[in-house]
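Working notes, structure below.
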Amino acid sequence: MRILILGATGMVGQGVLRETLLAKDVSEVISLARSPVEPLPPGDPAHKLTQLVHRDLFDLDSFIPQLTNLDACFFCLGVSSLGMSEADYSHITYDLTLSVAKMLLPHNPMMTFVYVSGAGTDSTEKGKSMWARVKGKTENALLDMPFKATYLFRPGVIQPLHGVKSKTKAYRLLYPLMWPFITVLKPLMPGVILTTENVAFAMLNAARLCEGDKIMESKDIYQLSRR
């Protein structure tokens with residue numbers, strides 16, 4: 001498989017990149033980002049990785065030859081809504097996602113599109129939570145696009161593994177404090193607390209199975225990761 005990853009420098013994206021590079025049935029991984037992935041995790045087959053670095057992800061026409069005949073897109077790019085206006089958050093979350101998806105679709109009609117949303121996303125687009133409305137609007141727009149399969153991942157708590165770190169300072173400070181509780185609770189709540197491995201394995205299985213359009217809550221992601 002040839003797989004495109006957006007957001008490979010973020011916490012989820014780092015974990016997804018690592019496992020996708022290690023997957024034996026993946027021949028090439030393309031990272032599309034505003035900054036390069038560095039350093040690469042030691043021991044990973046970096047020869048599989050193609051890095052496309054571009055500041056304006058709304059203008060990708062020059063990369064179309066490299067973004068054709070893809071089997072899957074793992075869209076892990078996202079920002080926290082904390083302190084953002086709805087217009088600014090929507091520009092990054094909705095406008096950018098749809099811009100990339102619309103660019104990819106004509107050149108990859110048999111692609112599986114996997115989008116990382118979030119637990120609590122509002123499919124009605126009418127709730128009080130701004131981020132949940134915008135995520136719901138984004139999910140609904142993606143479901144209207146005729147990809148071969150569209151998977152909408154709604155993870156809750158994600159435990160980073162293998163040295164993966166969040167780019168958000170608050171999360172970097174919070175995770176070490178949460179670690180003892182995660183260690184205790186995770187075996188008691190399988191499928192509720194995910195790891196970056198679970199998310200990555202589930203994405204890879206989504207690309208392999210192509211079972212149509214699916215909204216995946218944490219327990220669904222966990223089950224898919226183990227198939």
Side-chain angles (χ1 to χ4, degrees), residues 1-33 37 40-52 66-78 97 100-101 104-105 107-119 139 142-143 145 147-164 166 186 190-227:
M1 296 187 292
R2 296 182 68 239
I3 293 178
L4 170 66
I5 300 178
L6 284 96
T9 59
M11 188 190 80
V12 173
Q14 290 174 51
V16 170
L17 175 64
R18 180 185 188 276
E19 304 307 329
T20 305
L21 285 171
L22 289 171
K24 293 182 179 179
D25 58 348
V26 174
S27 60
E28 183 181 9
V29 181
I30 302 170
S31 170
L32 175 59
V37 176
L40 290 174
D44 282 358
H47 66 277
K48 289 185 180 181
L49 179 63
T50 299
Q51 298 208 56
L52 303 179
Q66 292 138 294
L67 300 177
T68 299
N69 297 322
L70 298 168
D71 295 285
C73 173
F74 297 161
F75 200 101
C76 308
L77 191 155
T97 305
V100 172
L104 290 173
L105 183 58
H107 309 285
N108 303 277
M110 301 305 290
M111 168 190 283
T112 296
F113 196 98
V114 184
Y115 176 68
V116 178
S117 187
E139 284 189 355
L142 290 172
L143 288 173
M145 300 182 72
F147 287 107
K148 183 177 182 180
T150 301
Y151 286 74
L152 306 171
F153 278 29
R154 295 180 173 181
V157 178
I158 301 176
Q159 177 186 10
L161 300 180
H162 307 296
V164 168
S166 173
K186 190 169 180 292
V192 176
I193 298 174
L194 302 173
T195 67
T196 47
E197 273 189 355
N198 292 143
V199 176
F201 292 161
M203 286 190 176
L204 286 163
N205 282 337
R208 292 166 181 141
L209 296 169
C210 299
E211 293 181 332
D213 297 341
K214 293 181 179 293
I215 295 176
M216 311 289 290
E217 305 291 349
S218 287
K219 289 187 177 181
D220 303 314
I221 296 168
Y222 178 74
Q223 291 172 0
L224 182 58
S225 75
R226 296 171 60 85
R227 289 183 63 171

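- Using a 4.5 Å heavy-atom cutoff, the side chains of Phe147 and Thr112 are not in contact.
- Using a 4.5 Å cut-off on side-chain heavy atoms (C-beta onward), Met145 and Thr150 make no contact.
- Partners of Glu211 by side-chain contact (heavy atoms from CB on, under 4.5 Å), not counting sequence neighbours, listed by chain and number: Tyr151, Leu209, Lys214, Arg227.
- The environment of CE in Met110 is sparse: at most 12 heavy-atom neighbours from other residues, nucleotides or ligands sit within 6.0 Å.
- For the atom pair CE of Met11 and CD1 of Ile158, the computed distance is 5.0 Å after rounding to the nearest 0.5 Å.
- With Met203 as the partner, the side chain to side chain contact (heavy atoms under 4.5 Å, CB included) test is satisfied by one option alone out of Ile3, Val116, Thr20, Ile5: Val116.
- Applying the side-chain contact (heavy atoms from CB on, under 4.5 Å) test to Ala202 and every residue at least two apart in sequence or in another chain returns Phe153, Ile221, Leu224, Ser225.
- Residues satisfying the side-chain contact (heavy atoms from CB on, under 4.5 Å) criterion with Ala33, sequence neighbours excluded, are Ser31.
- In this structure Glu217 satisfies the side chain to side chain donor-acceptor pair (under 3.5 Å) test together with Arg154, sequence neighbours excluded.
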Pairs of donor and acceptor atoms involving the side chains of residues 66-76, under 3.5 Å and at least two apart or interchain, shall be tabulated with distances.
unit_1 : atom_1 : unit_2 : atom_2 : d
Thr68  : OG1    : Ile64  : O      : 2.7
Asp71  : OD2    : Arg2   : N      : 2.8

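- Nearest heavy-atom pair across Ala101 and Leu142 is CB-CD2, 3.9 Å.
- Residues Leu77 and Leu32 are not in side-chain contact: their nearest non-hydrogen atoms beyond the backbone lie 4.5 Å or more apart.
- Here the shortest heavy-atom pairing between Ala149 and Gly212 reads CB-O, 3.4 Å.
- A donor-acceptor distance shorter than 3.5 angstrom exists from the side chain of Asn108 to the backbone of Leu104, with no hydrogens or angles considered.
- For Ser117 (side chain) and Leu152 (main-chain N/O), no donor-acceptor pair under 3.5 Å exists by modelled atom type.
- Here Ile215 contributes atom CD1 and Leu143 contributes atom CG; the two are 6.0 Å apart, rounded to the nearest 0.5 Å.
- When atom types are taken as modelled, the side chain of Gln159 and the backbone of Ile193 share no donor-acceptor pair closer than 3.5 angstrom.
- Leu6 CG to Tyr115 OH: the interatomic distance, rounded to the nearest 0.5 Å, is 11.5 Å.
- Panel note: side chain Thr196, backbone Leu161; a donor-acceptor pair is recorded below 3.5 Å.
- Residues that satisfy the side-chain contact (heavy atoms from CB on, under 4.5 Å) test with Arg226, not counting sequence neighbours, are Tyr222.
- Taken from CG in Leu17 to CG in Leu22, the straight-line distance is 9.0 Å, to the nearest 0.5 Å.
- Proximity of a side-chain donor or acceptor of Glu28 to a complementary backbone N or O of Lys48 within less than 3.5 Å is not detected.
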